[in-house]
Amino acid sequence: MPLALLALAVGAFGIGTTEFVMMGLLPEVADDLHISIPVAGHLVSAYALGVVIGAPLLAAVTARLSRRKVLIGLMGLFVVGNALSGLAPGYHGLLAARFLSGLPHGAFFGVGAVVATGLVAPERKARSVSLMFLGLTVANIAGVPVATLTGQHLGWRATFLGVSVIGVAAIVSLFLLIPHDHTHAPAGGLRGELVALRSLPVWLALGTTVAGFGALFSAYSYITPMLTDAAGYADASVTLLLALFGVGATIGNLVGGRLADHSLRGTLFGGLTALAAVLALFPLLMSAQWSAALAVALLGTAAFITGSPLQLMVMEKASAAPSLASSANQAAFNLANAGGAWIGGLALAAGFGATSPAVAGAALAVLGLAVAGVAYAVDRRQGTPKTGRERVVASHLPDHAESVRG
């Protein structure tokens with residue numbers, strides 16, 4: 001695997017850290033800015049809104065530019081957003097800075113996925129994407145806990161200034177390791193890129209992402225009360241247990257990337273089935289501390305097995321606009337974050353118990369399987385070839401390796 005993938009992983013590590021660390025710093029931010037915890041929670045929503053808006057928008061307006069320059073520019077915007085977060089004078093300034101920080105998130109992963117697949121042989125495309133995503137999963141093991149502890153001891157502003165330093169390191173890595181490439185003017189211009197997203201298979205792929213990762217966030221958003229109220233863990237143990245989720249996510253990400261290079265659709269179906277099974281078993285697994293810890297790790301593994309297959313599936317279905325489609329998938333991921341948390345909250349509010357968000361998540365995973373099944377049926381009707389060692393992306397995506405090597 002090319003060393004250039006390390007630069008993408010460094011950027012993903014910084015993005016993953018800043019995305020999830022706010023959840024652990026809400027009490028500190030609320031106390032310092034004299035606001036309530038629910039109001040501070042809007043800072044999480046502001047970031048997600050930035051991702052949803054910025055992912056397709058920035059990917060579209062930069063479609064004609066060198067992808068190397070786009071990645072560096074997006075990481076520069078990331079640095080500015082996090083620096084402004086650390087220097088924000090008050091709540092509204094921080095809200096705006098968090099929105100700004102979220103804007104480059106989806107486009108970075110979207111453009112980065114296209115660059116990653118263009119750097120490797122066709123049979124390694126899924127693994128290349130999984131290695132870029134490795135930075136995101138490792139952030140849950142190391143980045144988020146360290147950043148949270150930093151914020152608790154040195155103040156939350158120090159955390160975001162520190163994340164800015166990670167962004168600067170990512171810029172240096174991208175500058176040194178990503179090969180020069182040429183501009184990529186879409187054949188049909190911006191309108192042609194947008195038209196490529198209008199097909200039913202693209203929207204079915206995006207729908208699978210929303211349902212599949214909505215299943216994850218329905219449970220993960222309420223994992224702390226599950227661990228404390230149902231499994232009986234002390235509050236101080238939750239941070240370590242969440243690191244187990246990161247370990248599981250890292251394993252699932254690497255396994256999913258390797259399996260998807262052999263059978264993309266089979267890996268997707270298998271991952272969603274495993275996710276539904278793990279979530280359905282949560283009420284039983286949360287009855288004892290040892291099995292609850294296992295459940296947290298299994299949740300990360302099952303969910304992130306589907307990460308690379310979903311990213312590549314969307315890129316394949318919109319092969320005329322891979323950067324835009326890949327970025328749109330990141331927007332779908334964040335819609336899943338918001339929607340899954342909302343659905344899990346409804347289950348809790350209805351009084352179904354601490355583990356009810358996981359059961360709701362299992363239903364969403366089944367819905368994801370159903371959408372993926374419809375997508376498969378549409379492909380069969382349209383005559384998309386299928387083999388036992390299906391490499392959808394390798395056969396349909398335009399090969400960018402030569403243009404990236406420039």
Side-chain angles (χ1 to χ4, degrees), residues 16 20-21 23-27 37 136-146 148-149 152 211-256 269-307 336-337 340-369:
F20 292 108
V21 74
M23 300 172 188
L25 293 178
L26 286 182
I37 292 290
L136 182 66
T137 58
V138 170
N140 283 282
I141 302 174
V144 174
V146 171
T148 301
L149 289 174
Q152 291 170 346
F213 275 93
L216 165 64
F217 285 109
S218 177
Y220 188 70
S221 299
Y222 305 96
I223 195 69
T224 296
M226 288 190 212
L227 292 170
T228 56
D229 298 346
Y233 277 103
D235 292 341
S237 304
V238 172
T239 300
L240 180 60
L241 290 166
L242 293 183
L244 285 178
F245 173 84
V247 172
T250 300
I251 294 172
N253 175 54
L254 293 174
V255 170
F269 279 121
L272 288 171
T273 301
L275 180 59
V278 169
L279 288 170
L281 288 172
F282 248 58
L284 175 63
L285 294 172
M286 285 292 161
S287 61
Q289 290 189 347
W290 71 268
S291 56
L294 177 63
V296 172
L298 289 176
L299 177 63
T301 302
F304 277 84
I305 281 177
T306 64
N337 189 338
W342 177 68
I343 290 173
L346 290 179
L348 273 180
F352 292 131
T355 59
S356 60
V359 178
L364 285 174
V366 172
L367 176 62
L369 274 169

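Predicted model only: the values in this text are computed from it and were never measured.
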Side-chain heavy atoms of Leu227 within contact of Ser237, under 4.5 Å: no
Pro357 to Gly353 - nearest heavy-atom pair and separation: CD-O, 4.0 Å
Distance, nearest 0.5 Å, that separates OG1 of Thr228 from CD1 of Ile223: 10.0 Å
Test ring pair (Phe, Tyr, Trp, His ring centres under 6.0 Å) applied to Phe282 - qualifying residues, sequence neighbours left out: none
Spacing of OG belonging to Ser356 relative to CD1 belonging to Ile343, to within rounding of 0.5 Å: 12.5 Å
Under 3.5 Å donor-acceptor, Thr301 side chain and Ala297 backbone: yes
All side-chain contact (heavy atoms from CB on, under 4.5 Å) counterparts of Pro145, not counting sequence neighbours: Thr239
Partners passing side-chain contact (heavy atoms from CB on, under 4.5 Å) against Ala215 (at least two apart in sequence or in another chain): Leu275, Leu279, Leu364, Ala365
From Phe20 atom CZ to Asn140 atom CG, the distance as rounded to the nearest 0.5 Å: 5.0 Å
Which atom of Val278 lies closest to which atom of Leu285, heavy atoms considered: O-CD1, 4.4 Å
Minimal non-hydrogen separation, Ala336 against Gly214, with atom names: CB-N, 3.3 Å
Show me, pair by pair, the donor-acceptor contacts under 3.5 angstrom made by side chains of residues 242-256, not counting sequence neighbours?
from: Thr250; atom 1: OG1; to: Thr137; atom 2: OG1; distance (Å): 3.1
from: Thr250; atom 1: OG1; to: Gly246; atom 2: O; distance (Å): 2.9
from: Asn253; atom 1: ND2; to: Ser130; atom 2: O; distance (Å): 2.6

Heavy-atom closest pair, residues Ala358 and Met226: N-CE, 3.9 Å
Leu348 CG to Thr355 OG1 distance, which is reported to the nearest 0.5 Å: 9.0 Å
CG-OG distance between Leu216 and Ser218, expressed to the nearest 0.5 angstrom: 9.0 Å
Any residue meeting side-chain contact (heavy atoms from CB on, under 4.5 Å) with Leu240, in chain and number order, not counting sequence neighbours: none
Any residue meeting side-chain contact (heavy atoms from CB on, under 4.5 Å) with Ala231, in chain and number order, not counting sequence neighbours: Tyr233, Met286, Ala292
With sequence neighbours excluded, residues passing ring pair (Phe, Tyr, Trp, His ring centres under 6.0 Å) with Phe213: Phe304, Phe333
Donor-acceptor contact below 3.5 Å, side chain Tyr222 vs main chain Ala341: yes
